[in-house]
Structures are given as structure tokens and as C-alpha cells.
Participant: 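Below is one structure. I have some questions about it.
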Amino acid sequence: MMRNHLFMGIFKRVIVSMRGLSDNKRKMMKFAGFIVCVLLVCQVIFPVFESNSMQQGVSNEYDRFGKDTFDVILAGSSTIMYGIHPLQLYDEYGISSYSLTTAAQRIPLTYYLVKEALREQHPQLVVIDVYYAGYEQTTSFDGHTHLVTDALSFPEKLACVTDVVPQQKQADFLFEFGTYHTRWENLSKADFYGNPNRRGTYGAKAWYGSIPFDSFGPVIETRAPLPENADKYLRKTIEMCQENGVEVLLTLMPMDYNKVVENGGIDRAEWQKYWNGVQDIADEYGINYLNFMHCYDELQFDPADSTDGGTHLNAYSAETITRYLGEYLKENYTLEDVRENPSYDFMREDFERYQEYKTELELMSTKDLGDYLDLLKNYRSSRYTIFVSVKDIQGYALTQDIIEKMINLGYEGGGILLDKQYHSFIGMIHGAKVVEMYGGDEALFYDGEINRRKVFLSSRTLEQGNLSEIKIGAKDYSVNKRGLNFVLYDNQAEEVIDAVSFDTHVPEFTCSR
């Protein structure tokens, strides 16, 4: 990590050193500069080819920070990636932290991520997720291993690959372009701009949905020694931190502790004994172990609406668990409150952007029309434009409650949509400017401009073309399904935040994106 900073620094030094040299030496330096430029381009281009898998890897936003920025480093699997939000720790407790978490991060891989973090950040505390304490192999699927090795810099990258990757595969992990070069045909906007679920989150991941499951428990008290490799690398990580004067906190996130994860070969009911066995290691080294398996009742999480089916906490539950961790860190460790340090003012700005991202993610995850209309009220400003267009029919299932929410949003004439006959409808809200056009069984059109960008909307009922169009510039963003089609546009960033359709002709108001 921090590879871009390294190559840019070398490039600057090459240019400066060329001054005053003879022609031959200058040619040699130009050639060296060319090589450095090629390497720099590789550092910029390669990560684009690595995505989309890297959406579950170490967040590439880590590269924008300098050394010695973070007092706390979080490392481990996706359970802690979803569960702990570093910028909330900053806002509520003044803790500077970053989440070096990846999907299916085995403990041997955690060791090398922490090793590099100690060299670059010199943190006071490392928080290690022990979800994979029951896993014997050093690696699993190649893709999961790449999530870590692709993010590492030398010498940690070389040491990690030669240590945990089978010899016949090591070249692909050391020179990853050979692995990803065939992706060029599949590149998308997400590869260049990042996954919105992790944008500006300091490595965490926020998700606002929920999938119910039966229960978190029951749990057992039985302990068992960890499998050899998990035990070996967990101890190595702890010892490495302690040798460098860095404190260690082990943790296990809340989840369905009895679920069988078939694609990962994990029987959590069986693994409970390993998670309990981690306590023996913590006691041996005199460190803390925050095992939520034995305090999930205290958190009062509802299995019906707190996770994605028993593995990852949603953003609502993550706020609770992050607050719990923040209180624990303040009580058990001496950490600077960086809110009082002017050199960390950038974190306040990052936190404000993070709040915006969370609001957007909540909107993008919402499938209930009433909730969606409520959330849209957060975007009544000149920065955003809210578009809506009817396709086919406005919907006979519309209710007075929904219409009142539309009126509160700004579409004051929305009551006509309750009529049990075909209606076309076009709406646009841009700050104080509101456009609303209502028709009968007919086609409606609107031509306009937002911040010098041309917009075109159409609404056609079933017999009049059966179409919804919401064009911004040359592109149509409408989902174009029966009922109400919404598009939320960020005029400042010039990008669509969300495009969604609700079938208001059926009581379920079926949501499509």
C-alpha cells in the first residue's frame, strides 16, 4: 500500500537530479525516468483491472493517507468490515482508525497486513477479528487471497506470497496484471469510481438492508485449541505487535453462531469451541478479547432486521456495535482524542462526506415506497434534482398516505393520481423549482435544462406508447417499468445516485432497480 506515493516521490527525485548533468548522463536519467513513469502508470492502471473483486478487498482509499495517520488498525474478515465504522469512532470518540479488512481474510493473511501497518502507521492498538480462528489452511480461494496480496507493498507482499501461496501460483500473486489483464472488456464505471458501499468509509462497508434469520444462539462454553496454522499466525501477530509496543484487542462480531456456511466449509456451531479457545490465547499474552458471542443479548439485536441473514450486520446494527467498541476502547486503552488536534481536521470533513454517503446508501437500499419518499426529502436542495415519470399507469393501488408523502415532497397536485383511471405524470424538483405535469390517458413530454445540462422526460400510458423516459444529457436513466419511476441526480458530482421503479398498480408496490 502507499505505492503511488512511493513512485511519485522517486519520479520527482529523478527530475531534480537531471539538472547540471552531461548529455550522456542526462540520457541515462531520461531513460530511468521513463521506466519510473511506466511503473507509475502501472500503479494507476493495475488497480482498475483488479476491481470488481477488490470491492471486498482492502479499500484503495487507504493510499490517500500518509504514514502515522491512524492510532487504531482494524484487521480481519468481512464481519468486522461491516460491523465497525471508523469514522463513527472518530466522530463520537475522537479515535483515528482504519479498517484493513477483506472478505474471507484468513489469519495468516491478517498477519502480513498488520505487519505492513506497523511499518507504515505505527499504531497504538491493533484490533483483530478472529472469525477464521477455526480455519486450518493458510489460504482459501485464490480470489480471497488476492484481496490481501494485491494490496500489500514490498517487502510484505513478497514475504506473504512466498509464505502462504503454493509455489506454482506465486508468480500470479507477485505480478497480478497477469491475473487481471483479460478484464479490460468488462470494465465499468464502478471500476474507476469505486464501490458506493465503501466510498469514503475508511475501509468499512455499509449496507442498509435486512434478511431475517432465526436466532444468534444458543452458544456453548466448551473450549478447544485452534487448528495449527490459525494458532501459529495469531500468536505471531500478537507477538509482533507486542515486540513493537503495540497493544492488541481480539474480537468476534455478532452473527448467527450456529449457521453452516456451505461455500466456505464452516460449521459455526462446531467453530464455537475455537472462538472460545481464543480466550486462552488472550489470557496467555495478557490481552483483551471482546467476544460478542457471549454478550449478544446485551446488544438486543433483533434477528429479523439486524443482518443479511446471520453473517454481516447492517448499518443500523453497526452503529450500535461501533458505539459499544468505542466505549470499550476509551475505558481500556489510552488513545488521543484527535478531534482536538488541528492536523486531523480532514477527518471532520471526511466524516461529513461519510454521512452523505450513508444517506445515499440508505436510499439506495430502500424498497418501501413510503420510506423512499420520506428519504427523498433529504435531497430538497439545489445540489440535487428529483425526477419522476409514470409508465403505463399511475397505479390503482396508490393510497392516500403515499399521495400525502408526494405532496409533502413537493408534488402538490398529486391527489389526482388517486383517480381510478389512467394518468400520465412527470415531475422534477430542483431546489425551490418544482415542475409537475399531469395528464389523462395520454403522452406527456418535458424539455428543460439543469445546470446547463439538457434534460428530457416523457410519460406514456399503456395505449400511448407505454414508456417512461428520464434523460440527463444523452442517457436515459429511467428503470422504465410500470408505475412510478424515480431518478435522483447529484448536480454537483454530475452523477445519478439512484434510479428505481415502484409498481404502484399492485399493493406490494414492487421495487425494481
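All figures in this text were calculated on a predicted structure; none of them were measured in a lab.
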Participant: Please report the C-alpha distance between L335 and L329 in whole Å, then the side-chain angles of each, then the deciding distance to 0.1 Å, and finally whether the side-chain contact (heavy atoms from CB on, under 4.5 Å) criterion is met.
Facilitator: CA-CA 8 Å; L335 298 168; L329 296 184; 4.2 Å; yes
Participant: Look at D350 together with R64 and state whether they make a salt bridge at an N to O cut-off of under 4.0 Å.
Facilitator: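 Judged by the 4.0 Å cut-off on N to carboxylate O distance, D350 and R64 do form a salt bridge.
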Participant: How about N491 and Y384: does a side-chain donor come under 3.5 Å of a side-chain acceptor?
Facilitator: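 There is no such pair (donor and acceptor under 3.5 Å, judged by atom type) between the side chains of N491 and Y384.
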Participant: Using 4.0 Å as the upper bound for N to carboxylate O, is an ion pair formed by E508 and K367?
Facilitator: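 Not counted as a salt bridge, because no side-chain N and carboxylate O are separated by less than 4.0 Å.
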Participant: Any heavy-atom pair between the side chains of F292 and Y324 that's under 4.5 Å?
Facilitator: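 Contact flag for Y324/F292 side chains = yes.
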Participant: Report yes if some heavy atom in the side chain of Y131 is under 4.5 Å from a heavy atom in the side chain of R268; otherwise report no.
Facilitator: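 Counting from C-beta outward, Y131 and R268 do come under 4.5 Å.
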Participant: Quick check against the 3.5 Å criterion: does T102 have a side-chain atom that pairs as donor or acceptor with the backbone of V148?
Facilitator: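 A pair under 3.5 Å: no.
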Participant: For P254 versus I321, what's the shortest heavy-atom pair and its separation?
Facilitator: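 Answer, listing the atom of P254 first, then I321: CG-CD1, 3.6 Å.
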Participant: Looking at every non-hydrogen atom in both residues, tell me the closest pair between L444 and M437 and how far apart they are.
Facilitator: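 Heavy-atom minimum between the residues: CD1-O, 3.5 Å.
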Participant: So which atom in K259 and which in T311 form the shortest heavy-atom distance, rounded to 0.1 Å?
Facilitator: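 Answer, listing the atom of K259 first, then T311: NZ-OG1, 3.7 Å.
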Participant: Just by distance, no angles: are the side chains of T461 and S424 close enough, under 3.5 Å, to form a donor-acceptor pair?
Facilitator: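 There is no such pair between these side chains.
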Participant: Under 4.0 Å between a Lys/Arg side-chain N and an Asp/Glu carboxylate O for K481 and D392?
Facilitator: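 No salt bridge links K481 with D392.
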Participant: Charged N to carboxylate O below 4.0 Å: is that the case for D172 and K169?
Facilitator: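 Salt bridge between D172 and K169, a charged N being under 4.0 Å from a carboxylate O: no.
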Participant: Is the closest basic N to carboxylate O distance between D91 and R348 below 4.0 Å?
Facilitator: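 Answer for the salt bridge query: yes.
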Participant: Can you give me the closest heavy-atom contact between V434 and R380, atom names plus distance?
Facilitator: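 Closest heavy-atom pair between V434 and R380: CG2-NH2, 4.2 Å.
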Participant: Under 4.5 Å between any side-chain heavy atoms of F509 and D368, yes or no?
Facilitator: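 A side-chain contact is absent here, since even the closest heavy-atom pair is not under 4.5 Å.
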Participant: Donor-acceptor pair, D498 side chain versus L488 backbone, under 3.5 Å?
Facilitator: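 Between the backbone of L488 and the side chain of D498 there is no qualifying donor-acceptor contact (under 3.5 Å).
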Participant: Hey, what's the ring geometry for Y132 with Y135, parallel, tilted or perpendicular (30° and 60° as the breaks)?
Facilitator: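 Rings of Y132 and Y135: perpendicular, as their planes differ by over 60°.
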Participant: Can you tell me if S343 and N341 form a side-chain donor-acceptor pair at under 3.5 Å?
Facilitator: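 On atom types as modelled, these side chains qualify, holding a pair under 3.5 Å.
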Participant: Quick check: Y62 with Y98 (ring centres under 6.0 Å apart)?
Facilitator: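 Distance test on ring centres: under 6.0 Å, yes.
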Participant: Any side-chain donor paired with an acceptor under 3.5 Å for T251 and D129?
Facilitator: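 No, D129 and T251 have no side-chain donor paired with an acceptor closer than 3.5 Å.
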Participant: Would the F173 and H146 ring centres measure less than 6.0 Å apart?
Facilitator: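 Yes, they do, as the ring centres are separated by less than 6.0 Å.
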Participant: Could you walk me through whether Y90 and Y344 satisfy the ring-ring contact (aromatic ring centres under 6.0 Å, His included) test, starting with their C-alpha distance in whole Å, then the side-chain angles of each, then the deciding distance to 0.1 Å, before giving a yes or no?
Facilitator: CA-CA 10 Å; Y90 161 78; Y344 281 86; 8.0 Å; no
Participant: Is it the case that the side chains of N485 and S501 hold a donor-acceptor pair, with the cut-off being a distance below 3.5 Å and no angle test?
Facilitator: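 Indeed, the side chains of S501 and N485 share at least one donor-acceptor pair under 3.5 Å.
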Participant: Do Y202 and Y354 come within less than 4.5 Å of each other through their side chains, counting heavy atoms only?
Facilitator: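 Y202 does not reach Y354 side chain to side chain.
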Participant: Just so I know, are the side chains of L373 and M406 near enough to count as touching, which here means a heavy-atom distance under 4.5 Å?
Facilitator: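 Heavy-atom side-chain distance check passes, below 4.5 Å.
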Participant: Is a salt bridge present between E319 and K358, judged by a nitrogen-to-oxygen distance below 4.0 Å?
Facilitator: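 Looking at E319 and K358, the cut-off is met.
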Participant: Distance only, no hydrogens: is a donor on one side chain within 3.5 Å (strictly under) of an acceptor on the other, for S96 and D71?
Facilitator: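 Side-chain D/A pair, S96 to D71: present.
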Participant: The test is side-chain contact (heavy atoms from CB on, under 4.5 Å); show your working for D256 and T307 and say whether it passes.
Facilitator: CA-CA 9 Å; D256 178 351; T307 78; over 6 Å; no
Participant: Around atom CD of Q421, are there more than 12 heavy atoms of other residues, nucleotides or ligands at under 6.0 Å?
Facilitator: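 Count over threshold, so yes.
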Participant: With the threshold set at 4.0 Å, does a side-chain nitrogen-carboxylate oxygen contact exist between D503 and R482?
Facilitator: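 Between R482 and D503 there is a salt bridge, with a charged N closer than 4.0 Å to a carboxylate O.
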Participant: Looking at every heavy atom in both K157 and T149, which two are closest together, and how far apart are they?
Facilitator: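 Heavy atoms only, the tightest pair is NZ-O, 2.9 Å.
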Participant: Hey, does the side chain of T504 reach the backbone of G483 with a donor-acceptor pair shorter than 3.5 angstrom?
Facilitator: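 Absent.
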Participant: Within the 3.5 Å criterion, strictly below it, is a donor on Q105 or T110 matched to an acceptor on the partner's side chain?
Facilitator: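 Present: a donor and an acceptor within the cut-off.
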Participant: Can you say whether the rings of F216 and F301 are parallel (under 30°), tilted (30 to 60°) or perpendicular (over 60°)?
Facilitator: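 Rings of F216 and F301: tilted, as their planes differ by 30° to 60°.
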Participant: Side-chain donor-acceptor pair under 3.5 Å between Y93 and E327, yes or no?
Facilitator: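 Present: a donor and an acceptor within the cut-off.
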Participant: Would the number of heavy atoms belonging to other residues, nucleotides or ligands and lying under 6.0 Å from CD of E352 be above 12?
Facilitator: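 Counting neighbours around CD of E352, more than 12 heavy atoms of other residues, nucleotides or ligands fall under 6.0 Å, so yes.
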Participant: Quick one: are the ring centres of F425 and Y411 less than 6.0 Å apart?
Facilitator: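 Between Y411 and F425, which both carry aromatic rings, the centre distance is below 6.0 Å.
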Participant: Before giving the answer on side-chain contact (heavy atoms from CB on, under 4.5 Å), spell out for M253 and M293 the whole-Å C-alpha distance, their side-chain angles and the decisive distance to 0.1 Å.
Facilitator: CA-CA 7 Å; M253 292 287 102; M293 186 167 71; over 6 Å; no
Participant: A side-chain contact here means heavy atoms from C-beta on lying under 4.5 Å apart; do H312 and K205 qualify?
Facilitator: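 No; the side chains remain at least 4.5 Å from each other.
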Participant: Which heavy atom of G310 sits nearest to which heavy atom of M255, and what is that distance?
Facilitator: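 That closest heavy-atom pairing would be O-CB, 3.3 Å.
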Participant: Would you list the pairs meeting ring-ring contact (aromatic ring centres under 6.0 Å, His included) in which at least one residue belongs to residues 445-487, sequence neighbours left out?
Facilitator: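 Of all non-adjacent pairs touching residues 445-487, those that pass ring-ring contact (aromatic ring centres under 6.0 Å, His included) are Y372-F486.
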